[in-house]
Amino acid sequence: MGRPYPVEWAMAKAEAMTEQDTNRDRILDALLRIMASRGADALTIRTVASEAGVSVGAVQHHFPTKDRLVVAAMTEVNERFRRRVAARLEAVNSEEERLRIFCREIACVEGDDLTDGIVWVAFAARASTETEVRVIHAADWARTEEVLLRLLVAAFPDDGLAADDAALLLAVLDGIAVARAAEQSNRMTPERAERLIDATLRGLRRAG
């Protein structure tokens, strides 16, 4: 049998790449399910392969070590967060409402956001002891604070809000998210989270 024609070769390559992309998506979904239900310690190449319904080799092709699995999980959470927030922000014109949407997302106010919050809490815990994770976490949080400051200034342009105001608001949102993700109880309900966000915004405006 001779060599495949260029068109046949291209089609075979495209099919292989599509399968790899599909496997990668399944693996990422499995990563998040495992981290959300069993924690980062349960992440192994074998358990991820089983959860995703793919071979061990398929997981190793994309993520050869456990450290790579953990980083991939957090990267995926960040990407999903950005896509979800961007879509929600595009749907509104009010600068104040855009700020509140971003705040609710960071604080995991809605139940659908809790899976991301649980993964984030697990990742943040590892950041305290693992250098690579810490670098990613610190960079992400610095960017988040910058975005929050821009949204604050756009929503309340006459209040003289500055970087420390964004840092304070982010600390409150962070605390709410941890409470909701870690406790998953009736103490930090969505309604209470909303009240705390509103109170913090009012306090920042008075201080400014």
Side-chain angles (χ1 to χ4, degrees), residues 20-21 23-49 51-52 56 58-89 99 101-109 112-153 161-183 200:
Q20 287 184 9
D21 290 342
N23 282 345
R24 189 175 190 278
D25 290 341
R26 292 170 67 180
I27 291 165
L28 288 171
D29 287 340
L31 279 174
L32 299 188
R33 287 196 300 271
I34 292 171
M35 284 198 73
S37 61
R38 288 177 270 171
D41 289 342
L43 282 183
T44 68
I45 290 174
R46 190 169 298 280
T47 58
V48 171
E51 180 74 20
V56 169
V59 177
Q60 289 176 318
H61 173 76
H62 294 286
F63 313 110
T65 66
K66 180 172 181 176
D67 287 344
R68 293 292 91 201
L69 290 173
V70 172
V71 171
M74 193 57 210
T75 300
E76 180 65 11
V77 164
N78 285 339
E79 286 302 318
R80 293 184 183 190
F81 170 81
R82 292 188 185 103
R83 290 194 298 267
R84 185 172 66 245
V85 170
R88 292 182 179 179
L89 292 182
L99 169 63
I101 287 172
F102 193 78
C103 288
R104 289 195 293 269
E105 288 284 345
I106 292 292
C108 299
V109 170
D112 293 343
D113 302 334
L114 271 184
T115 295
D116 288 358
I118 293 167
V119 174
W120 178 85
V121 169
F123 192 80
R126 297 180 76 93
S128 63
T129 57
E130 299 179 20
T131 302
E132 183 180 10
V133 175
R134 185 184 309 126
V135 169
I136 296 171
H137 176 73
D140 283 340
W141 228 221
R143 284 192 294 268
T144 301
E145 185 178 311
E146 291 172 0
V147 172
L148 196 53
L149 176 58
R150 290 199 296 271
L151 290 170
L152 273 170
V153 171
L161 299 174
D164 282 355
D165 299 303
L168 174 58
L169 178 56
L170 183 55
V172 172
L173 301 175
D174 187 13
I176 293 171
V178 170
R180 286 187 47 71
E183 297 175 24
T200 304

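For the numbers below, each heavy atom of this structure counts, side chains included, while hydrogens, waters and symmetry mates do not.
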Peer 1: Apply side-chain contact (heavy atoms from CB on, under 4.5 Å) to the pair Ile118 and Met35, showing each step before the final yes or no.
Peer 2: CA-CA 8 Å; Ile118 293 167; Met35 284 198 73; over 6 Å; no
Peer 1: For Phe123 and Val70, work out which heavy atoms get closest and say how close.
Peer 2: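 Shortest heavy-atom separation between Phe123 and Val70 comes out as CE1-O, 3.8 Å.
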Peer 1: Taking side chain to side chain contact (heavy atoms under 4.5 Å, CB included) as the criterion, tell me which of Ile106, Asp140, Asp174 meets it with Trp120.
Peer 2: Asp174
Peer 1: Output the distance between atom CD (Glu145) and atom CG (Leu170), rounded to the nearest 0.5 Å.
Peer 2: 6.0 Å
Peer 1: Any side-chain heavy atom of Glu76 within less than 4.5 Å of one from Leu31?
Peer 2: no
Peer 1: Treating Arg24 as the side-chain partner and His62 as the backbone partner, does any N or O pair qualify as donor plus acceptor under 3.5 Å?
Peer 2: no
Peer 1: Specify the closest pair of heavy atoms between Ala58 and Asn23, including all atoms of both residues, with the distance to one decimal.
Peer 2: CB-ND2, 4.2 Å
Peer 1: Tell me if a side-chain donor or acceptor on Arg134 pairs with a main-chain N or O of Ala127 at a distance below 3.5 Å.
Peer 2: yes
Peer 1: Determine the minimum heavy-atom distance between Leu152 and Ala166, stating which atoms define it.
Peer 2: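 It is CD1-CA, 3.8 Å.
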Peer 1: Using a 6.0 Å cut-off, check whether atom CG of Asp164 has over 12 heavy atoms from anything other than its own residue.
Peer 2: no
Peer 1: How far apart are the closest heavy atoms of His137 and Ala124, and which atoms are they?
Peer 2: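 Minimum heavy-atom separation between His137 and Ala124: CE1-CB, 4.0 Å.
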Peer 1: Would you indicate whether the side-chain heavy atoms of Arg126 and Asp41 approach each other to under 4.5 Å?
Peer 2: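 The answer is yes, as the side chains (C-beta and beyond) meet within the 4.5 Å cut-off.
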Peer 1: If you apply the rule side-chain contact (heavy atoms from CB on, under 4.5 Å), what do you find for Leu148 with Leu99, and how did you get there?
Peer 2: CA-CA 8 Å; Leu148 196 53; Leu99 169 63; 3.9 Å; yes
Peer 1: For Ala42, does its backbone N or O pair with a side-chain atom of Thr47 as donor and acceptor, under 3.5 Å?
Peer 2: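 Looks like yes, one N/O pair under 3.5 Å.
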Peer 1: Which heavy atom of Cys108 sits nearest to which heavy atom of Gly117, and what is that distance?
Peer 2: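 Taking every non-hydrogen atom into account, SG-CA, 3.7 Å.
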Peer 1: Write down the atom of Leu69, the atom of Val48, and the distance for their closest heavy-atom approach.
Peer 2: CD1-CG2, 4.2 Å
Peer 1: Taking atom OG1 of Thr200 and atom CG of Leu173, what is their separation to the nearest 0.5 Å?
Peer 2: 7.5 Å
Peer 1: Could you tell me whether the side chain of Arg80 reaches within less than 4.5 Å of the side chain of Leu32, counting heavy atoms only?
Peer 2: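 The answer is yes, as the side chains (C-beta and beyond) meet within the 4.5 Å cut-off.
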Peer 1: Counting only heavy atoms not in Arg46, do more than 12 sit closer than 6.0 Å to its CZ atom?
Peer 2: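 No - once you tally the heavy atoms of other residues, nucleotides and ligands closer than 6.0 Å, there are 12 at most.
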Peer 1: Go through the steps to decide whether Ile45 and Phe63 satisfy the test side-chain contact (heavy atoms from CB on, under 4.5 Å), and finish with yes or no.
Peer 2: CA-CA 8 Å; Ile45 290 174; Phe63 313 110; over 6 Å; no
Peer 1: Any non-hydrogen side-chain atom of Leu169 less than 4.5 Å from a side-chain atom of Asp165?
Peer 2: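 Result no, sub-4.5 Å side-chain heavy-atom pair not found.
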Peer 1: Applying side-chain contact (heavy atoms from CB on, under 4.5 Å) to Arg82 and Asn78, what does each step give before you reach the verdict?
Peer 2: CA-CA 6 Å; Arg82 292 188 185 103; Asn78 285 339; 3.7 Å; yes
